[in-house]
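Okay, so here's the structure we're looking at.
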Amino acid sequence: MIASFSGYGLGLRKDHYRDFLETHVAVDFVEVISENFMVPGGRPRDIVRRVRERHPVALHGVSMSIGSADGLDRAYLDRLKALVDEIEPLFVSDHLSWSRFKGFNSHDLLPLPYTQEALDIVCANIAMAQDVLGRTMLIENPSSYVAFDGSTMTEWQFIDAMCARTGCHLLLDVNNIFVSATNHGFDAIAYLDGIPFDRVRQIHLAGHSQGADMLIDTHDQPVPPPVWALYEQAIARVGPVATMIERDDAIPPLGDLLDELAAARAIGVSVDRKAA
């Protein structure tokens with residue numbers, strides 16, 4: 001893992017496999033969904049190997065279930081470790097959420113109460129994952145649609161304490177901050193000011209959709225103006241870190257995503273100039 005990396009990248013999706021394997025794509029890195037490639041062989045593993053020959057790769061998981069009260073799945077961690085050892089990724093990340101309990105798997109990123117008990121569970125699970133993988137993980141802040149009355153701290157206070165106890169790094173999803181701030185009525189700038197800036201190693205940018213009563217983190221739209229504005233505020237605080245565009249549905253032509261990535265680069269250059 002590279003300690004400091006500030007390039008601009010895209011999420012690798014099936015629609016663009018051929019572009020990445022057969023042409024030169026002007027990105028500094030790609031991010032893949034870990035679970036799609038956690039098999040010992042076959043076409044998926046071959047694809048990620050070949051992409052890795054052309055670009056640095058970040059592994060982004062969606063089912064480690066960091067918040068599970070019954071601990072992590074050791075078989076899952078062993079499969080992920082095999083992929084990590086082969087690909088030697090820039091980063092290994094997952095979400096501050098839970099999805100699994102005993103035999104149940106929601107296949108969704110479920111929210112946590114921000115309590116001391118939940119913090120103890122999350123920190124124990126991160127410690128186990130980092131021990132098995134032999135590296136520091138990045139944990140992504142969630143988007144959420146419900147809040148728990150029993151929470152005793154804000155999400156950013158929880159994240160700050162989590163980083164302090166485990167030494168983990170952060171994957172800061174700017175769209176998730178905007179979605180959750182809108183849904184729950186908190187101040188997105190207060191959130192940015194409350195997280196440990198020095199722990200952020202990667203940023204996600206994405207779009208969302210308007211649901212009946214709240215915003216939904218759908219990843220099926222371009223990055224909207226208020227998320228771009230929040231991104232500018234974020235990098236003014238954290239400095240240059242790896243930034244990527246995340247798109248998971250209604251996948252557009254690759255050129256459209258590269259245009260969005262160019263917009264992120266332009267904001268980064270502008271913030272650097274202001275700071276100089």
Side-chain angles (χ1 to χ4, degrees), residues 1-2 5-64 76 79-95 107 109 133 135 137-140 143 169-176 201-208 217-223 227 231 241-265 268:
M1 179 179 66
I2 297 174
F5 183 87
S6 56
Y8 294 83
L10 294 176
L12 180 67
R13 302 298 183 258
K14 287 183 179 179
D15 303 62
H16 302 137
Y17 280 178
R18 179 167 292 181
D19 295 292
F20 278 93
L21 292 172
E22 298 180 2
T23 69
H24 172 71
V25 180
V27 297
D28 299 315
F29 73 102
V30 299
E31 182 187 86
V32 302
I33 302 301
S34 303
E35 288 82 359
N36 292 343
F37 302 93
M38 286 168 52
V39 291
R43 186 168 183 267
R45 197 66 156 246
D46 178 63
I47 287 170
V48 75
R49 284 193 203 104
R50 291 163 62 194
V51 170
R52 178 65 180 84
E53 292 172 359
R54 293 168 172 255
H55 304 282
V57 170
L59 298 178
H60 184 52
V62 295
S63 59
M64 187 177 288
Y76 172 94
R79 292 194 303 273
L80 178 58
K81 176 69 161 60
L83 180 62
V84 167
D85 289 347
E86 180 174 351
I87 300 303
E88 298 183 346
L90 277 173
F91 311 118
V92 179
S93 62
D94 212 293
H95 299 78
H107 301 289
L109 303 171
L133 298 176
R135 60 165 55 217
M137 286 195 65
L138 277 60
I139 306 300
E140 179 181 344
S143 58
H169 292 151
L170 295 177
L171 194 173
L172 190 66
D173 191 308
V174 176
N175 182 63
N176 286 357
R201 293 294 181 272
Q202 186 182 355
I203 288 176
H204 274 179
L205 293 168
H208 53 262
D217 181 34
T218 50
H219 295 185
D220 62 355
Q221 302 290 327
V223 179
V227 174
Y231 171 61
V241 296
T243 296
M244 63 155 282
I245 305 295
E246 196 176 26
R247 189 70 172 261
D248 294 311
D249 203 358
I251 307 290
L254 182 61
D256 291 0
L257 295 177
L258 290 172
D259 287 345
E260 285 193 278
L261 201 60
R265 289 181 189 270

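Computed from a predicted structure; not experimentally measured. Count residues from 1 along the sequence.
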Please name all residues satisfying side-chain contact (heavy atoms from CB on, under 4.5 Å) with [X], sequence neighbours left out, ordered by chain then number.
X	result
Asp248	Arg13, His219, Glu246
Asp220	Ser209, Thr218, Asp249, Ala250
Pro252	Arg247, Asp256, Leu257
Ser34	Met38, Leu59, Leu80

Among pairs that include at least one residue of residues 41-58, which meet side-chain hydrogen bond (donor to acceptor under 3.5 Å, both in side chains), considering only residues two or more places apart or in two chains?
-> Arg45-Glu86, Asp46-Arg50, Arg49-Glu86

Salt bridge (Lys or Arg N to Asp or Glu O under 4.0 Å) pairs, two or more places apart, involving residues 17-34 | Arg18-Glu22, Asp28-Arg265

Backbone N or O of Val241 within a donor-acceptor pair of the Thr243 side chain at under 3.5 Å?
-> yes

Is the backbone N or O of Met64 less than 3.5 Å from a side-chain atom of Asp94, with the two atoms forming a donor-acceptor pair by type?
-> yes

Report the distance from atom [atom1] of [X] to atom [atom2] of [Y], rounding to the nearest 0.5 Å.
X	Y	atom1	atom2	answer
Asn175	Ile203	CG	CD1	12.5 Å
Arg135	His169	CZ	NE2	11.5 Å
Ile139	Leu170	CD1	CG	8.5 Å
Leu171	His204	CG	NE2	4.5 Å
Leu258	Ile245	CG	CD1	10.0 Å
Ile47	Asn36	CD1	CG	10.0 Å

Identify the heavy atoms of [X] and [Y] that sit nearest to each other, and give their distance.
X	Y	value
Gly41	Pro44	O-CD, 4.5 Å
Glu260	Val223	OE2-N, 2.7 Å
Gly207	Asp217	O-OD1, 4.1 Å

So Leu133 and Lys81, side-chain contact (heavy atoms from CB on, under 4.5 Å) or not? Walk me through it.
-> CA-CA 5 Å; Leu133 298 176; Lys81 176 69 161 60; 4.0 Å; yes

Residue set satisfying ring pair (Phe, Tyr, Trp, His ring centres under 6.0 Å) with His95, at least two apart, ordered chain then number -> His60

Return the set of residues passing ring pair (Phe, Tyr, Trp, His ring centres under 6.0 Å) with His16 (not counting sequence neighbours), or none when no residue passes.
-> none

For Tyr76, enumerate each residue passing the side-chain hydrogen bond (donor to acceptor under 3.5 Å, both in side chains) test, keeping only those at least two apart in sequence or located in another chain.
-> Glu35

Test side-chain contact (heavy atoms from CB on, under 4.5 Å), reference Ile87, set Val92, Val57, Val32, output is Val57

Below 4.5 Å, heavy atoms only, C-beta onward: do Leu10 and Leu254 meet side chain to side chain?
-> yes

Residue pairs involving residues 21-52 (criterion ring pair (Phe, Tyr, Trp, His ring centres under 6.0 Å); sequence neighbours excluded) = Phe5-Phe29

